[in-house]
Each structure stands twice: as structure tokens, then as C-alpha cells.
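Scroll down for the structure; my scribbles are underneath it.
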Amino acid sequence: MLLTGGLKSLLPHVLRRIIRCNRLTISNTSGMAEGYKQANVVILHKSLADDFEKFCHANDGPLPLLHRSQAGDWKCPSLSSDSDIRTDCLQYRKYEHGACTGSLKSLKEYSEQLKDMVTFYLGCSFSFEKAVQKAGIPIRNVEQKCNVSMYKTSVPCYSVSMFHCNLVVTMRPIPESKLEAAVLATSELKEAHGAPIHIGDPGLLGIQDLSKPDYGDPVHLHPGDIPVFWACGVTGVEAIINCRAPLAFTHSPGCMFITDLKNDNVRPVGGVPQVQCISQDPLHFSIVSAEAAEKIKTLETLIGVDPGERGIVHLQRQGELLRACLALSHAGSVLITTGFPTHFTHEPPEENDGPPGALAIAAMLQALEKQVAIVTDQRAMDLNKKIMEEAVQLGILKKPIPLLSYQRESADSALMFLCENGNPGRPSRFDHLVAIERAGMAADGNYYNARKVNIKHLVDPIDELFLAAQTIPGVTTTGVGDGGNELGMGKVKDAVKKHIKNGDVIACDVEADFTVVAGVSNWGGYAIACALSVLRSCEIHDRYLRRAVGFPQTPSKGLWLPALPSVAKEEKLLKTLVQLGVRSGKTASLEMEVDGLPFYNTHSLMIEKLL
């Protein structure tokens with residue numbers, strides 16, 4: 001019998017011959033024939049073959065189709081010389097009516113049945129191991145001399161006819177410092193499943209316990225390792241089980257068919273990827289192309305100008321817009337709040353910076369088919385209803401957005417508002433909270449405008465929702481502001497106290513996970529809308545969002561591009577706010593201006609630049 005030493009350097013045709021002679025003591029082909037493609041195998045009746053091929057094309061992350069044979073064809077000259085699919089996998093599984101009825105070393109005894117069966121060769125992540133190692137990244141399962149870990153997830157594949165199942169993934173522990181290198185090394189190898197579909201907490205895929213894989217072996221994580229998940233061809237096995245075909249065969253998970261094809265013929269998919277951490281609890285990283293990240297960085301630079309000369313440059317943290325929008329992109333349900341009653345001697349006391357930016361974010365989230373609601377002060381509900389109705393009339397919103405209010409009635413009011421039965425362990429109503437130009441609570445518990453006037457009597461304690469969100473796993477928050485006294489700016493409160501006029505008194509004490517600082521808060525809202533559009537147009541990010549199952553969303557740009565802010569829409573909205581008595585922040589005038597800056601040639605120009 002041959003032992004494992006030296007197998008990684010053997011040529012594929014030699015390895016196939018050894019496997020055919022049943023002379024190996026190993027249990028999987030990970031690390032063998034380094035640099036050559038390995039394949040998952042599915043063999044089913046020819047009557048099912050067309051639908052299974054469609055299923056593969058509809059889910060090409062887990063099921064990248066390398067070759068489909070003719071019925072009864074045991075050889076595969078496009079992938080290998082002198083191969084025989086009946087004998088050239090280490091081990092096979094036999095399925096009858098969806099049940100595994102045996103493990104086999106050879107399929108030769110089923111040669112008669114195989115005459116009416118079609119073989120599908122599907123790409124495998126073992127193929128990218130050499131590329132990952134070349135990038136200086138350890139392959140923990142190879143180090144630990146075991147099979148890779150494979151898990152069933154809660155992610156449904158795109159169904160075709162009788163083929164339906166949830167995605168199966170492989171997990172490889174990757175040192176955090178090597179995450180981007182791992183993504184880069186695999187993203188171009190589309191026929192080996194390409195880039196990861198999830199980086200971080202396994203619970204986000206519905207995986208409860210990494211020590212109990214559904215297939216393969218448990219792989220030990222070293223300190224500093226992050227679990228990284230790739231789509232897996234064993235998804236095809238799950239599809240075979242669920243279709244309950246009278247007879248089908250697959251490779252045994254980890255026991256791949258080794259091809260003669262090298263991994264040289266790589267195809268770049270959507271540019272160079274970047275990895276960004278968007279949540280610590282649960283740990284969650286996202287992926288975006290360098291091109292999309294650069295565009296969003298440009299948006300962040302554009303809104304960072306300081307027309308009011310307040311010193312906001314000291315509050316800015318590079319990359320916050322990108323991380324905030326990645327978190328929003330992953331969210332399914334978003335709660336937005338705005339409203340700064342700075343003009344306490346007028347009715348209404350609200351300023352006109354905030355609502356337009358909030359509606360710009362809401363419009364894009366609506367177009368991206370996310371659930372969105374707005375929470376505001378009880379006393380301002382009627383005003384906000386009128387603004388909402390006008391936004392629908394003007395075509396800014398597709399339909400009205402639920403308008404909520406929050407009052408503190410007990411110590412756990414915020415948790416009751418956000419979570420089922422007030423339990424932070426249960427799913428939250430919202431994945432992400434956004435505050436834009438919303439009065440924020442200072443360290444002394446009061447709320448101040450820029451002139452250091454306490455306006456607490458006009459502000460409902462919506463800050464409590466942001467404080468409660470810090471205790472709820474899976475809920476992230478963003479604060480958008482232009483002066484440091486806005487909800488969420490607690491993240492930069494030290495800089496506010498040092499560099500902003502009256503900052504020692506007015507600085508908001510409540511932090512958001514992400515802080516977007518703009519010359520005018522509305523600009524921050526416009527930039528978020530634009531950045532969300534950039535992300536949805538990014539092929540790398542879109543694939544990661546949908547876990548590489550189903551079809552790309554990027555061709556559907558027509559669905560969300562109309563939701564972007566425009567000069568015409570924002571001009572009409574500002575006129576509506578003036579008619580409703582909502583005043584400019586700095587001057588309290590009822591003119592076409594925001595924060596004392598004229599709409600024409602200032603705000604209009606910013607919108608054009610962002611677009």
C-alpha cells in the first residue's frame with residue numbers, strides 16, 4: 001500500500017492509476033496533485049441531466065460545471081487522459097430514492113445501469129489549495145492531516161424543477177492578517193468555487209457548531225484564525241438526496257476525481273477584492289472590489305468639505321462611509337431617525353438638514369427591496385407624515401414608509417421596541433439603525449443645538465435605541481452629522497470637544513458603530529444612497545451578498561438607479577419643506593437654503609458631483 005508522502009507532487013494520471021488499483025491508505029484527496037483541478041462527481045439518469053445542468057448554471061458558485069458527459073460515457077478526454085469514472089475516485093456513494101445505501105470503491109458492477117446515466121464533473125476547492133499556500137497562507141486541514149470540514153447551511157439554492165437544496169460550504173481557518181490574501185488567491189479561480197461566500201461567525205449561515213461538520217472532519221482553529229467559508233460541490237450531493245432519484249452515484253465527500261487540468265487558466269471576476277470588517281458581534285467581514293471601494297472613498301472625500309468652517313476635518317475617520325454602507329448592504333431591515341429641533345422659538349422647530357438625507361437613504365433601501373422604517377419625535381409625527389406624502393408624490397419614494405415614535409416607559413423600553421419580547425437573544429426588528437442630523441444626547445443627559453441651547457424638552461429619547469443596539473448581537477448603527485452634537489457622533493466626541501465650537505458642552509455622548517461626517521448632513525445621506533448603488537453594481541460584492549447562488553443582480557441596475565437623489569427631486573423637496581415652515585439650520589430663514597448655504601450652486605452642485 002502507498003502512504004501519503006509524496007502524493008502531492010505526483011502527476012494526476014499516475015495518481016488516478018494508483019487509485020484505480022486501490023493502493024492508497026488515505027481518506028481524501030486534499031493536498032494531492034498540487035496545482036491541478038479536482039472535481040466533485042454526480043452521476044444520474046439521463047432523463048434528469050438537462051434539469052441538473054440548469055441547476056448547476058443557476059448556482060455556479062457551489063456547482064461550477066467542468067464537464068457533462070454523454071450517457072454511458074465513462075471517459076472524459078476534455079479533463080483527463082485514460083480516465084475511467086467508474087474506478088478513478090477514492091470512494092463513491094450510492095443513493096436510492098434519496099437515501100445513501102452504500103459506500104463503494106468501484107462502480108464497475110453497475111456498468112449496465114451506467115449506460116443510461118450521465119456524469120457531471122464539478123469544480124472543487126481542493127483545486128485552489130496550492131494557490132492559497134503560494135500566497136503564504138496555511139491550509140489547516142492539510143497541516144492536521146484530515147479532510148476539510150463541510151457544513152449544510154440555511155442558505156437556499158436557486159431551485160430548478162425537482163432539484164432543490166440548501167448550500168453546502170467548506171470551512172478553512174485563515175489568520176485574520178491573511179484574509180485579503182486568501183480572497184485574492186481564490187477569487188480568480190471561478191472553476192474552484194472562486195472567492196469565499198462568508199467570512200466570520202458560522203451562525204450567520206445557520207451553522208451551530210464548527211466542531212460537528214456534516215461531512216469531512218473537524219478542523220482546529222489556531223488563535224487569531226477566522227473561519228472562512230467557500231461554496232462546496234457537495235451541494236450537488238444534497239440536491240441528489242432531495243430529488244429522490246431511483247438511482248444515483250456521487251463521489252464520497254473529500255474523495256475527488258483528479259483532472260489533468262492546471263489552475264493556470266484563471267479568469268479575473270469583477271476586479272481585485274478588498275475585505276472589510278463590518279461587525280464584531282457577531283464577527284462579520286464583507287468583500288468589495290477595489291474599484292467600488294475607491295469610488296466610495298471619492299464620495300467620502302467630496303462630502304468632507306467644510307463650507308461652514310466648523311473644523312469637521314478633525315472628526316473624519318477614513319473608510320467609515322464604506323464600512324457603514326457595507327453593513328447596510330447586508331441588512332434586511334433598517335430603521336432611520338432624523339430631526340433636529342434647533343429653532344425652539346418657531347413652530348415647527350425642525351431644521352431642513354436631515355429629512356432630505358434620510359429620505360435619500362430610505363429611497364435607495366426601498367429600491368434595493370429592504371424593509372425600512374422611520375422613527376421620530378411624537379410631537380413631529382404630523383409634520384413627518386406630510387413630508388412623507390410629498391416624497392411619494394414627488395417620486396422620491398415608491399411608497400410610504402412606516403412612521404414610528406419611541407417613548408421611554410420602563411427600563412427595558414428600548415429592548416422591547418427593538419426585539420421580540422425585549423429579548424436581545426431573539427431576532428431584532430431591525431438589522432441596522434441610521435441617525436442623520438438627529439439631536440444627540442450630551443454627557444450631562446441634555447440635548448444642545450450648536451449655540452449651546454438646551455432643547456431637551458423637544459427631543460424624544462431615541463438615543464436609547466442606539467444604546468440598546470450595542471447590546472444586541474447582529475444590530476449595527478450609523479450616525480451621520482456635521483457638527484458633533486448629532487446622534488452617533490459619540491465615536492468622535494473627544495475630537496468634537498477639542499476642535500468644535502462649544503464642543504465641550506454640546507458633544508453627543510452616544511456612539512454609533514460607524515460615523516459619517518459631512519459638511520452638511522444631507523450630503524452624507526446622498527453619499528450613502530450613491531454608495532449603496534455602487535455596491536449593488538459591484539459584481540464581487542453582489543456575489544458575496546447572494547452567497548454565490550442564484551443569478552447576478554448587477555444587470556438589474558434599472559431597478560435602483562432611478563432611486564438615486566437628483567437635483568430636480570431635491571429642489572422640489574426643499575420647496576415642500578419651506579412651504580411646511582421647516583427652516584434653514586444656521587439662519588432660520590424660509591428660503592431655498594440648507595445650513596445657510598444656497599441650494600443652487602452649492603447643494604445642487606454637490607448632488608451632481610456625487611452622481
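What you see below is based on every heavy atom in this structure, not just the backbone, and it leaves out hydrogens, waters and symmetry mates.
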Which heavy atom in [X] sits nearest to a heavy atom in [Y], and how many Å separate them?
| X | Y | value |
| --- | --- | --- |
| Leu326 | Ser286 | CD2-OG, 3.7 Å |
| Pro156 | Val549 | O-CG2, 3.7 Å |
| His343 | Ser584 | NE2-O, 2.8 Å |
| His164 | Ser159 | CB-OG, 3.3 Å |
| Leu359 | Ala391 | CD1-CB, 4.0 Å |
| Ala529 | Leu564 | O-CD2, 3.8 Å |

So do the side chains of [X] and [Y] get within less than 4.5 Å of each other, counting heavy atoms only?
| X | Y | answer |
| --- | --- | --- |
| Ile287 | Gln274 | no |
| Leu404 | Leu335 | yes |
| Ile312 | Gln316 | yes |
| Asn166 | Cys157 | no |
| Lys452 | Asn502 | yes |
| Trp560 | Ser537 | yes |
| Ile296 | Leu535 | yes |
| Met441 | Glu464 | no |

Value rounded to 0.5 Å, distance of [atom1] in [X] from [atom2] in [Y]:
| X | Y | atom1 | atom2 | value |
| --- | --- | --- | --- | --- |
| Leu179 | Gln276 | CG | CD | 11.5 Å |
| Leu315 | Asp306 | CG | CG | 9.0 Å |
| Leu205 | Ser154 | CG | OG | 6.5 Å |
| Asp201 | Leu204 | CG | CG | 5.0 Å |
| Leu418 | Leu433 | CG | CG | 6.0 Å |
| Lys152 | Thr235 | NZ | OG1 | 11.5 Å |

According to ring pair (Phe, Tyr, Trp, His ring centres under 6.0 Å), who are the partners of [X], at least two apart in sequence or on a separate chain?
| X | result |
| --- | --- |
| Tyr600 | none |
| Phe229 | His198 |
| Tyr406 | Phe417 |
| Phe344 | none |

*Output, in order, the C-alpha distance, side-chain angles, deciding distance and verdict of salt bridge (charged side-chain N to carboxylate O under 4.0 Å, His left out) for Glu539 and Arg543.*
CA-CA 6 Å; Glu539 186 180 342; Arg543 180 185 185 275; over 6 Å; no
With no hydrogens and no angle check, is any side-chain donor or acceptor of [X] less than 3.5 Å from a backbone partner on [Y]?
| X | Y | result |
| --- | --- | --- |
| Ser413 | Glu409 | yes |
| Trp230 | His193 | no |
| Thr153 | Leu167 | yes |
| Asp504 | Lys497 | no |
| Asp542 | Cys538 | no |
| Arg583 | Ser589 | no |
| Asp595 | Leu597 | no |
| Glu300 | Gly319 | yes |
| Thr301 | Lys297 | yes |
| Asp463 | Gly440 | no |

*Result of checking Phe55, Phe163, Phe551 against Tyr158 for side-chain contact (heavy atoms from CB on, under 4.5 Å)*: Phe551
Quick one: side chains of residues 455-462, donor-acceptor pairs under 3.5 Å with protein atoms, not counting sequence neighbours, listed by atom name and distance.
{"from": "Lys456", "atom 1": "NZ", "to": "Gly445", "atom 2": "O", "distance (Å)": "3.4"}
{"from": "Asp460", "atom 1": "OD2", "to": "Gln378", "atom 2": "N", "distance (Å)": "2.7"}
{"from": "Asp460", "atom 1": "OD2", "to": "Gln407", "atom 2": "NE2", "distance (Å)": "2.9"}

Pairs under 3.5 angstrom only: tabulate donor-acceptor contacts from the side chains of residues 465-489 to other protein residues two or more places apart or in another chain.
{"from": "Gln470", "atom 1": "NE2", "to": "Glu511", "atom 2": "O", "distance (Å)": "3.4"}
{"from": "Thr471", "atom 1": "OG1", "to": "Ala468", "atom 2": "O", "distance (Å)": "2.6"}
{"from": "Thr476", "atom 1": "OG1", "to": "His432", "atom 2": "ND1", "distance (Å)": "2.8"}
{"from": "Thr477", "atom 1": "OG1", "to": "Asp513", "atom 2": "N", "distance (Å)": "2.9"}
{"from": "Thr477", "atom 1": "OG1", "to": "Asp513", "atom 2": "OD2", "distance (Å)": "3.2"}
{"from": "Thr478", "atom 1": "OG1", "to": "His432", "atom 2": "NE2", "distance (Å)": "2.8"}
{"from": "Asp482", "atom 1": "OD1", "to": "Arg310", "atom 2": "NH1", "distance (Å)": "3.3"}
{"from": "Asp482", "atom 1": "OD2", "to": "Ser521", "atom 2": "N", "distance (Å)": "3.2"}
{"from": "Asp482", "atom 1": "OD2", "to": "Ser521", "atom 2": "OG", "distance (Å)": "3.4"}
{"from": "Asn485", "atom 1": "ND2", "to": "Tyr448", "atom 2": "O", "distance (Å)": "3.1"}
{"from": "Glu486", "atom 1": "OE1", "to": "Gly483", "atom 2": "N", "distance (Å)": "3.3"}
{"from": "Glu486", "atom 1": "OE1", "to": "Gly484", "atom 2": "N", "distance (Å)": "2.8"}
{"from": "Glu486", "atom 1": "OE2", "to": "Asp482", "atom 2": "N", "distance (Å)": "3.1"}
{"from": "Glu486", "atom 1": "OE2", "to": "Gly483", "atom 2": "N", "distance (Å)": "3.0"}

Please, which pairs that meet salt bridge (Lys or Arg N to Asp or Glu O under 4.0 Å) have at least one residue in [range], sequence neighbours excluded?
| range | value |
| --- | --- |
| residues 341-370 | Glu350-Arg379 |
| residues 429-447 | Asp377-Arg438 |
| residues 319-339 | Glu320-Arg323, Glu320-Lys491 |

_Pairs flagged by side-chain hydrogen bond (donor to acceptor under 3.5 Å, both in side chains) wherever residues 385-399 is involved - sequence neighbours left out_ = none
*Sort and list the pairs that fulfil side-chain hydrogen bond (donor to acceptor under 3.5 Å, both in side chains) and have at least one residue in residues 602-611, not counting sequence neighbours.*
Trp523-His603
*Just do the side chain to side chain contact (heavy atoms under 4.5 Å, CB included) check on Asp60 and Lys190 with the steps written out, would you?*
CA-CA 9 Å; Asp60 68 352; Lys190 193 176 179 185; 3.7 Å; yes
*Report, as yes or no, whether the 6.0 Å neighbourhood of atom CD on Gln371 holds more than 12 heavy atoms from other residues, nucleotides or ligands.*
no
*Among pairs that include at least one residue of residues 306-342, which meet ring pair (Phe, Tyr, Trp, His ring centres under 6.0 Å), considering only residues two or more places apart or in two chains?*
His284-His330, His314-His499, His330-His541, His330-Tyr544
